[in-house]
Amino acid sequence: MSRIDSLLSGVLPELVAPEGASLPLAPRSEAPSRTSAAPANSVEVFRGTGAPASATSTRAAQVAPRAREGNGFDFGVGGAFPPKPTGSIQEQLKQGARLLEQTQAAAFSVTLDKGASMDAYARKQLGHLDPSPPIAGAPTALTDYTSTIPGVSARDAFEAFVSNPELLFGAAGISLRPAASALTDGARLFLEEQGPPPVWAPITVKLNETERVVHITTLDGHPLRGTNQFVFDDDGNGGTRIRQYSAFQGSSPATSVGLALMDPIERQHDIWRSVHGQLHEMLKPR
């Protein structure tokens with residue numbers, strides 16, 4: 001198998017590979033300036049474009065095709081798998097209580113109310129939530145996702161990603177609550193999944209337009225605590241290379257329950273495969 005370099009989010013400046021992690025940290029000879037403060041890591045590629053759906057995935061039939069022709073989607077994993085609940089007992093209880101509350105709201109949203117009143121409730125709830133990035137130094141699961149868009153500049157790809165969140169996440173069967181026609185710096189959103197079980201996964205967004213970076217951090221009550229950083233780079237041939245650096249841990253004992261009952265990690269790969277694929281379909285030269 002091949003290896004791809006991984007840059008962790010700047011949110012984790014003190015992160016080190018835990019004992020028993022699937023892969024050791026490795027030195028990186030060259031890194032983009034925007035993430036030079038982040039530690040280096042490498043991950044083992046284990047699935048590429050067009051890989052068949054897992055037989056255990058209950059969501060595969062409900063989402064967009066998992067691979068799109070021509071975008072070279074691939075990913076690799078490293079760090080500590082499966083992700084374990086992380087943090088003090090008090091912190092895990094807090095996250096579990098928030099998760100239960102938001103699951104109930106998600107159930108109401110997907111079955112009874114898809115209108116403005118639910119958006120208003122979501123905005124109010126999001127205002128009470130704190131960021132929940134990975135806890136530095138604790139075992140952390142790492143995934144790198146990559147794809148390309150030939151013939152499209154990195155600036156155009158970045159702007160399309162920021163301007164079409166509902167279309168991109170919709171390709172993975174996810175709605176945004178409250179509705180958002182574009183991502184804005186500092187935006188707070190629930191990613192709503194129909195389920196079962198229905199889920200409201202809260203996130204906050206930070207944009208760096210100059211460097212073409214979209215940074216997503218989970219908020220209290222997300223099933224995972226983590227970050228996703230999307231970097232849009234010119235590939236040197238008039239196209240775009242997208243690198244997505246994902247770092248996450250379990251947020252509460254519900255993480256372990258979810259891993260036992262379903263395959264949330266496979267679902268996570270499905271989501272990002274569909275988002276990358278949809279962006280490629282939107283922009284590829286015809």
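Heavy atoms only: backbone and side chains are in, while hydrogens, waters and symmetry mates are out. All values derive from a computational prediction rather than experimental measurement.
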- Task: May I ask you to decide if Ala154's main-chain N or O and Thr240's side chain share a donor-acceptor pair within less than 3.5 Å?
- Result: yes
- Under the 3.5 angstrom rule, does the side chain of Asn164 hit a backbone N or O of Leu167 as a donor-acceptor pair?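 No, because the side chain of Asn164 does not come within donor-acceptor range (under 3.5 Å) of the backbone of Leu167.
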- Report the residues that fulfil side-chain hydrogen bond (donor to acceptor under 3.5 Å, both in side chains) with Ser117, sequence neighbours left out, ordered by chain and then residue number. Asp113
Please output the side-chain donor-acceptor pairs of residues 127-139 that fall under 3.5 Å, not counting sequence neighbours, one pair per line with the distance.
residue, atom, partner, partner atom, Å
Ser132, OG, Thr218, O, 3.4
Ser132, OG, Thr218, OG1, 2.9
Ser132, OG, Leu219, O, 3.3

Verify whether one side chain among [X] and [Y] offers a donor that lies under 3.5 Å from an acceptor in the other.
X	Y	value
Ser252	Gln92	no
Arg177	Ser109	yes
Gln95	Asp220	yes

- Query: How are the rings of Phe230 and Phe161 set to each other: parallel, tilted or perpendicular (split at 30° and 60°)?
  - Reply: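 Tilted: the ring planes of Phe230 and Phe161 meet at 30° to 60°.
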- Would you please classify the geometry between the His276 ring and the Phe73 ring as parallel, tilted or perpendicular, with 30° and 60° separating the classes? perpendicular
- Which residue, Asp233, Asp74, Asp144, forms the salt bridge (Lys or Arg N to Asp or Glu O under 4.0 Å) with Arg243?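 Between Arg243 and the candidates, salt bridge (Lys or Arg N to Asp or Glu O under 4.0 Å) is satisfied uniquely by Asp144.
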- Query: Linking Ile, Leu, Val, Met, Phe, Trp and Tyr by side-chain heavy atoms under 4.5 Å, what else ends up with Leu100?
  - Reply: none
- Heavy atoms of other groups near Glu209 CD, more than 12 under 6.0 Å: no
- Are Tyr145 and Val205 connected in the hydrophobic side-chain network, where two residues link if heavy atoms are under 4.5 Å apart?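 Hydrophobic grouping puts Tyr145 with Val205.
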- Message: Counting C-beta onward and ignoring hydrogens, is there a side-chain heavy-atom pair between Phe248 and Arg225 closer than 4.5 Å?
- Response: no
- Message: Show, in sequence, the C-alpha distance, side-chain angles and deciding distance for Glu193 and Arg267, and conclude whether the salt bridge (charged side-chain N to carboxylate O under 4.0 Å, His left out) test is met.
- Response: CA-CA 11 Å; Glu193 288 220 53; Arg267 172 57 178 147; 2.8 Å; yes
